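Report on one structure; see the data block that follows.
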Amino acid sequence: MVSINDYHSDYPNHWCPGCGNFGILEAMKAALAALELPPEKILIVSGIGQAAKTPHFLECNYFHSLHGRALPIATGAKIANHHMTVLVNTGDGDCYGEGGNHFMHAIRRNIDVTVLAHNNRVYGLTKGQASPTSMEGMQTKIQPGGVIMGAFNPLAVALSLGAGFVARGFSSDGDQLRDLIQAGIRHRGFALIDIMQPCVSFNQVNTHKWYKDRIAPIEENHDETDRISAVRLSLGTDDRIPTGIYYRRESPSYTDRIDKLKDKPLTDHRYRPELLKALLTDGYP
Amino acid sequence: MVSINDYHSDYPNHWCPGCGNFGILEAMKAALAALELPPEKILIVSGIGQAAKTPHFLECNYFHSLHGRALPIATGAKIANHHMTVLVNTGDGDCYGEGGNHFMHAIRRNIDVTVLAHNNRVYGLTKGQASPTSMEGMQTKIQPGGVIMGAFNPLAVALSLGAGFVARGFSSDGDQLRDLIQAGIRHRGFALIDIMQPCVSFNQVNTHKWYKDRIAPIEENHDETDRISAVRLSLGTDDRIPTGIYYRRESPSYTDRIDKLKDKPLTDHRYRPELLKALLTDGYP
Amino acid sequence: MTVDISVLIGGEAGQGIQTVGLLMARTCHRAGLYVIVVNDFESRIRGGHSFIQLRISDGPVHAPTQDLHLMVALDERTYRLHQSDLQEGGLALIPKDDGDTMVQHHQCKIVDFAGLAQKAGNKILSNTVAAGTCLALIGAPFDLFENVLKTTFEQVEEKRLAQNVQAAQYGYAAAEEHTFRWSWRWDRTSPKGRLIDGAHAVALGALAGDCRFSAFYPMSPATGIIQRLVDMAAAVPLVVEQAEDELAAVNMVIGAAFAGVRAMTATSGGGFSLMTEGLGLAAITETPIVIVNAQRPGPATGLPTRTAQADLQFVIHASQDEFPRFVFAPGTPFEAFTVTARAFELSDRFQVPAVILVDQFLNDSIFVAEEAFEAPEAARPFTITDGDLDDPTLYRRYALNDSGISPRALPCRGLARVKVCSDEHDEAGHITEDAAIRDAMAGKRHAKYQAMREQIRPPEVIHAGSDIVLISWGSMRGAMIEAVNQLRADGINCGGLHMIDLWPFPDAAMGEILEKAAQFFVVEQNRTAQLGQLIRQQTGYRYADAVLKTNGRPMCAGEITEAIKTKLK
Amino acid sequence: MTVDISVLIGGEAGQGIQTVGLLMARTCHRAGLYVIVVNDFESRIRGGHSFIQLRISDGPVHAPTQDLHLMVALDERTYRLHQSDLQEGGLALIPKDDGDTMVQHHQCKIVDFAGLAQKAGNKILSNTVAAGTCLALIGAPFDLFENVLKTTFEQVEEKRLAQNVQAAQYGYAAAEEHTFRWSWRWDRTSPKGRLIDGAHAVALGALAGDCRFSAFYPMSPATGIIQRLVDMAAAVPLVVEQAEDELAAVNMVIGAAFAGVRAMTATSGGGFSLMTEGLGLAAITETPIVIVNAQRPGPATGLPTRTAQADLQFVIHASQDEFPRFVFAPGTPFEAFTVTARAFELSDRFQVPAVILVDQFLNDSIFVAEEAFEAPEAARPFTITDGDLDDPTLYRRYALNDSGISPRALPCRGLARVKVCSDEHDEAGHITEDAAIRDAMAGKRHAKYQAMREQIRPPEVIHAGSDIVLISWGSMRGAMIEAVNQLRADGINCGGLHMIDLWPFPDAAMGEILEKAAQFFVVEQNRTAQLGQLIRQQTGYRYADAVLKTNGRPMCAGEITEAIKTKLK
Ligand SMILES: Cc1ncc(C[n+]2csc(CCOP(=O)(O)OP(=O)(O)O)c2C)c(N)n1
Ligand SMILES: Cc1ncc(C[n+]2csc(CCOP(=O)(O)OP(=O)(O)O)c2C)c(N)n1
Ligand code: SF4
Ligand code: SF4
Ligand SMILES: [Mg+2]
Ligand SMILES: [Mg+2]
């Protein structure tokens, strides 16, 4: 039996009091414990940012990597050893800004990782510049006239790229978030959970209250296997922000499709010089 | 009167005989001439690849830049002098692979450039590796077991990002392509024209015939202002590949929205030291 | 110097320690004193441990000091961490007695910052209370402080000003029963120059260099420069654009420069790494751009809010193949201002990229700049128009000539068509594979070095002709010069050499100076003595030894002095 | 050497000139001759001008030559471009008389390649015809060629073999009335080693180094290495992944290496620029990776299909701050094989990145490798498992020790939890801002240099103790050694030094050798004598002069010899 306490980390937390990241952290622990995944069996890869500090704050294997590069690191690690359960903690800047290209191509690869995008619609760690998901018009110290780019819509983009698991959570709705994370980990293939998260220090627009006034669980009758409905939901027509699973459809994940990995992970092979014998004498005949 | 001949370049062409790029080149010239835009009034920015060599083969101002980086170059140039008409010639690898992140964010910026993506579904210049738009299963020397990633759908992605002009052309349908390019240039804001282009040297799957068998102009009754319809069209349900304008909706372009550019381009200002007087004595009061 | 004391204000991120330091610095500055404010903070938004060091003197100071005379410990941790640095006779102000470590010590004095602030009207006035107590202890006349508060709040609200003055008074009152050992009689002289941080100076230099476009991706410690540009942008024809990543940032800058405006980006090492390919693009297309690399310790993410000087060799050699570039490293805000303006001009003139190396210490510290910052009367245009050409339709962007600098026209500004290409190209700007043209083009670019070298200013020499020479570059200037003076005071025949213009390397000038020195030492914030290596490579002279520091904190003169003395033994 | 002739086969891209060269090279090789095939092609798919140079000798040859004896001009342009290089008495085979430039010349001989091919059954057999005529001219027995054709086509179709043999015969017949001046009597000895290109050798080295994962983004001239890996992947536990860009490629490699397999990427300068930040990530997380940088001329896109050696200083200094790395530059396929295998082992052992510098010339040319390529019997594991730990739950990835090499466990392989971090970190792998820990960690990484240096092999010395020493690195080995021998033949007391292991720089070994030389010259394919600079920086010795070439074409011994003679005058 794995318990939430098994994930306790002694390392002191760095986040601001009241930050939405705390809710995400707790939901992660709850989901992992519920899945009976002990800390030593999971690998968390993260980029750089406040969100990306997450793996320091729970017990696990982790690779706290470069800003924007969590997904390629996770991809390489997963290909090397696809028996690992790989999660990615990333921020909206990390994942959709600096790491935007990897986001798109990791989806195309359908690599089996669960991406938790802590979407606070701002660059937290660098003190409050606009992020790709900042709303048009949001003013910051660096954007005093307000953001003049359209906000990045992670769910719509993921759907347009054919992602097989697309969900939205809210850092303050721990139970739902726990369930989403569980479902994401269970999903074989790329799973995106975009998590709305208040940043008490730098985002005075999308506050806790702002979210509370808008979020609503996706309606019961939504068909989560219908891509067009999911797209429509993601594009939104009114003020409401639906939370839950927008779309889910399993297809073989990237490592499932590499024949060489059917047998066992790359890490489990021994070096066998005899395999090279014939190759080593090769050249132009 | 600007004529097609005004665009004639003495520089010898580098493309393979039979390449779809020739059709694109001719359609460009025709569109530019029809718009009465003389060579000295346009700037073509390109990345690196066969497609990106285009500006050498017609008379114009050009910046043949780095693989993947045409859009940031074009963005910087446009902000510096928004009176220029800026076109981008780019390949599927250039635009959706190496340059994928810029593709997304240029759309969000709604920067007023017309992007001609020569989509041959392969890396031409580097001799035939799969590109982001290569179809699943396509075999290449480097992907002998066939591509195992989902093909990148440029139209769907652009639509999900809120692009205001999304079209698809075919290199062998010169008239339609000319019209699309004209419409794209006229569109104030980011215009994407994804152009299906046979590569006779490296793509034996998506041949001229393959395209001919599948393409069909978008049906008359398509509402090009309806985003969801455009998405549905882009996701496709059968074998047909619709060509034409998927979606069109104008909104202020990036440079339209920068107050400072209302008056005149940045390039047109004189250096005025008197503006700095007060600033130069500033510090902590 | 008869006055030279240092005050440390420490607490958690978000407690406003910068405010305390800045209020004090401004008060001292108004009295005609010299100050430097050094920021020491963690890469987090709340909590943890941060502090600032305020050094106050009646002579110029450009580096922090190891000595600590007065401390404001807004939390227990500050006291614990810095207690041992406190000089004999020093004093720590602490907010309350936690019954444990703090007050036991005779060097502690309790001041109920929060309580007094509350009394004045608001808990956030604690900072004003603390500044007041410190200023009172060192003997600052109250009206000076009051004036600073006035300047700060007169734009705001009458009520806030009144509350602040009240809080300041409570702070002063709290100091009454205490005489502070290093308190002094304040003679008011007129303020020396003005207070400015390095980031601000770089931004001003950019404006003086006629910068009209900047694209960036946020990265400490470079963001301060961009923030300053943004803050000033309303007054000038300047657009600042936040890019999606550093690849975009540098390429936007190249695009804008190509189209005809002077343009820059600012980043730190990780971002500079990502810009490396773009640097080469600027080089081969001969597009003038300025990149500021605000150094911090690495590798990779490293220590985001700390200081270092470890990117020198990297920026000199960055990007594949070889091409001319300028590399500068200013040591003070004034140098940062002039060098940045020069970088824009030289980059434009020679159609080459220029890299400016600053660092967290220079960017984030507040210095007294006595020199007047002056913008050039005119910005020389280094581009041509149709009128300069016999037949604009025959214009060739890369026309070969001896100087290597081809006349540069701008796109869409006339009949001349401008064609640039990242492949090796011919004079017209078309791709070429011709061996001879390749060599001519690479040679043409390289040829610029000759005239570029003439623009390189020789190093600053301190006490010429000394036996022993300390050499610094960039922000280590202040500590180096202070160390030279300390060593001379101790009877050592020591001089200094400070390098700002680093590439093209001033081989001849350096060789001449070093020839005469019995031995020389480099003083650098890196591990491998990068300037020392470069000097050896370029001049053949070998540094006797190096004083190096890599822990991310700025060097103090005392550290250098001690190290040199040990090495000389 | 009694035989030393060179054959140039030129035409448009897509005409199959490689086939002609390869058929000839293989025929010569089977007779026990030495050959080298150098590819010269443009960055386009069809048209333009490409050629290969086949040099044939009865002694080892590792570089192209300036002399041209026989030419197959598949188009007029080839003849025009290379005609002047043809030696007195040399011959050009041309396909038809265009009535203009070509046949006028007495050195021309018309062979109707296409017509004869058609007669043999198919126009594409032209290449076989051309190879036949050339082989006949130089005196190659027909059965040798026939055998080569058999090996090539026996797997394919009976009919195609027969047609090829027929075409070969027509080719031979076409030569009949002509005696070629440099024709010689062929003694058949057993083949020397085998024919192999540098890219293939690197790929084999990777497998011998137990490489299990490679991620890449296509870029000339590196793609050949990846192609070879792909071609061999079926036989070994190796996954090759095409990434979306170079940022992804290097980070995938780091992720895979972290998870526990040896991994590499291959790119060229522009891609390496993009990988610069990742290099630093590998360094600070102490993840072993191998990066092959196949050099081509730059900056930026430059000349994609040409050769250069201009990234040496860049790769040594690439990425912000400082950290240990290996840099190797093999000079032959055999060296490429051994060095790559060693790079994997050393990178893994020291937990540092290793960079291998090859170039277009080495990668794309076909050499005779006489040495046997042998894979190590076993791959030593440099990682630990739970069993090696007292209490795996207390495992700390960055435990400090004198060697700087902390025991490395792998994630999800037991109870030990592996925590790595690109911020500066403590022993456990957590972010730290502590000054002392920072210094300890940077020091720990740096400490590896000591033992790494012991792994560095000294340079290869040719004719030790000579007055004059030519120094090469990487692929310039062949030309340098040939030049040394030419100079000695001309009575100059000349020796050579070839460097493969470049970083950590073998200061002591180089210093010792250079101390004894009266003067030394560096031979490099760059403009600023990068190795020369490095030698000065590291040893203090200054190169007398440099023989440099930057036009993207490989250097020939003759160019070096001439240059040195001029310089010695
Ligand atoms: C290459 C690079 N560029 C920039 C940075 C600076 N940086 C660190 S975190 C960050 C943005 C963080 O925003 P986000 O990803 O949204 O995370 P948050 O802090 O909001 O959780 C940036 C720009 C960096 N570390 N590396
Ligand atoms: C940074 C970098 N990486 C890789 C390359 C090599 N490269 C040149 S063109 C190209 C791909 C071309 O494909 P695409 O963009 O589809 O253009 P096409 O040739 O098919 O028109 C690549 C990978 C490069 N020049 N620069
Ligand atoms: S800055 Fe914002 S996101 Fe970061 S820890 Fe504080 S509240 Fe959370
Ligand atoms: S390789 Fe393909 S895309 Fe490139 S020129 Fe040839 S046919 Fe066209
Ligand atoms: Mg964020
Ligand atoms: Mg393509």
Side-chain angles (χ1 to χ4, degrees), chain C residues 42-43 48 247 268-270 272-274 276-277 279-281 283-285 295-306 308 310-311 313-314 316-323 421-424 431 433 435-436 438-439 442-443 446 526-528 530 533-534 536-537 540 542 550-553, chain D residues 42-43 48-49 247 268-270 272-274 276-277 279-281 283-285 295-306 308 310-311 313-314 316-323 421-424 431 433 435-436 438-439 442 446 526-528 530 533-534 536-537 540 542 550-553:
Chain C
E42 296 182 347
S43 179
L247 307 168
S268 187
F272 188 87
S273 285
L274 294 168
T276 302
E277 197 195 14
L279 186 72
L281 177 66
I284 198 165
T285 57
Q295 298 164 100
R296 70 191 214 190
T301 311
L303 288 155
T305 59
R306 306 290 167 182
D311 298 353
Q313 293 262 34
F314 174 35
I316 290 175
H317 298 293
S319 214
Q320 69 272 22
D321 209 336
E322 301 159 316
F323 51 82
C421 178
S422 78
D423 282 87
E424 194 56 278
I431 302 175
E433 301 244 7
R438 151 68 178 176
D439 251 355
H446 200 77
N526 61 51
R527 183 170 292 272
T528 63
Q530 296 192 19
Q533 290 177 40
L534 198 61
R536 193 175 191 202
Q537 174 183 297
R542 191 174 186 175
T550 59
N551 68 8
R553 276 66 175 180
Chain D
E42 295 180 349
S43 179
H49 173 64
L247 307 169
S268 188
F272 189 87
S273 284
L274 294 169
T276 303
E277 198 194 13
L279 185 73
L281 177 66
I284 199 165
T285 58
Q295 297 163 102
R296 71 191 211 190
T301 311
L303 289 157
T305 60
R306 308 289 167 183
D311 299 353
Q313 292 262 34
F314 174 35
I316 290 176
H317 297 294
S319 214
Q320 70 271 23
D321 210 335
E322 302 159 314
F323 50 84
C421 178
S422 78
D423 282 86
E424 193 56 278
I431 302 173
E433 302 244 6
R438 151 67 179 179
D439 252 354
H446 201 77
N526 60 51
R527 182 170 293 270
T528 62
Q530 296 192 19
Q533 290 177 40
L534 199 60
R536 193 173 192 205
Q537 175 184 296
R542 190 173 187 176
T550 58
N551 68 8
R553 278 65 177 179

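Residue numbers start from 1 in every chain, and the chains themselves are labelled A, B, ... in the order their sequence lines are given, proteins ahead of strands. Being a predicted model, the structure only gives us computed values, none of them experimental. For the numbers below, each heavy atom of this structure counts, side chains included, while hydrogens, waters and symmetry mates do not.
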### Task
For the pair C:Asp321 and C:Arg438, find out whether any cationic side-chain nitrogen is under 4.0 Å from an anionic carboxylate oxygen.
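Counted as a salt bridge, because a side-chain N and a carboxylate O are separated by less than 4.0 Å.
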Most contacts with chain D, counted as non-hydrogen pairs under 4.5 angstrom, among [options]:
| options | result |
| --- | --- |
| C:Ala283, C:Pro297, C:Ala308 | C:Pro297 |
| C:Ala435, C:Pro304, C:Gly280 | C:Ala435 |
| C:Thr528, C:Leu281, C:Leu534 | C:Thr528 |
| C:Asp423, C:Asn526, C:Asp311 | C:Asp423 |

Interchain contact, [X] with chain D, by part (heavy-atom threshold 4.5 Å):
| X | result |
| --- | --- |
| C:Phe314 | both |
| C:Leu247 | side chain |
| C:Ser43 | both |

Name the member of [options] that forms the most heavy-atom pairs with chain C at distances under 4.5 Å.
| options | value |
| --- | --- |
| D:Gly552, D:Gly540, D:Ala310, D:Ser319 | D:Ser319 |
| D:Arg296, D:Arg542, D:Gln530, D:Arg527 | D:Arg527 |
| D:Gln313, D:Glu277, D:Glu322, D:Glu42 | D:Glu322 |

### Task
Considering non-hydrogen atoms only, spot the tightest contact between C:Ala318 and C:Phe323 and give its length.
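In this case the closest contact between C:Ala318 and C:Phe323 is O-CZ, 3.7 Å.
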### Query
What are the two closest non-hydrogen atoms of D:Ser422 and D:Ile284, and how far apart are they?
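Closest approach of D:Ser422 to D:Ile284: O-CD1, 3.5 Å.
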### Message
Going by the rule ring-ring contact (aromatic ring centres under 6.0 Å, His included), which residues pair with D:His49 if we only count those two or more places apart in sequence or in a different chain?
### Response
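Here the qualifying residues are D:Phe51, D:His82.
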### Message
Side chains of D:Thr276 and C:Ser273: any donor to acceptor distance under 3.5 Å?
### Response
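No pair is found: no donor N or O on one side chain lies under 3.5 Å from an acceptor on the other.
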### Verdict with supporting geometry, D:Thr550 and C:Asp439, side-chain contact (heavy atoms from CB on, under 4.5 Å)
CA-CA 6 Å; D:Thr550 58; C:Asp439 251 355; 2.4 Å; yes
#### Entry: Between CG on residue D:Leu303 and CZ on residue D:Arg553, distance to nearest 0.5 Å
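These two atoms lie 7.0 Å from each other.
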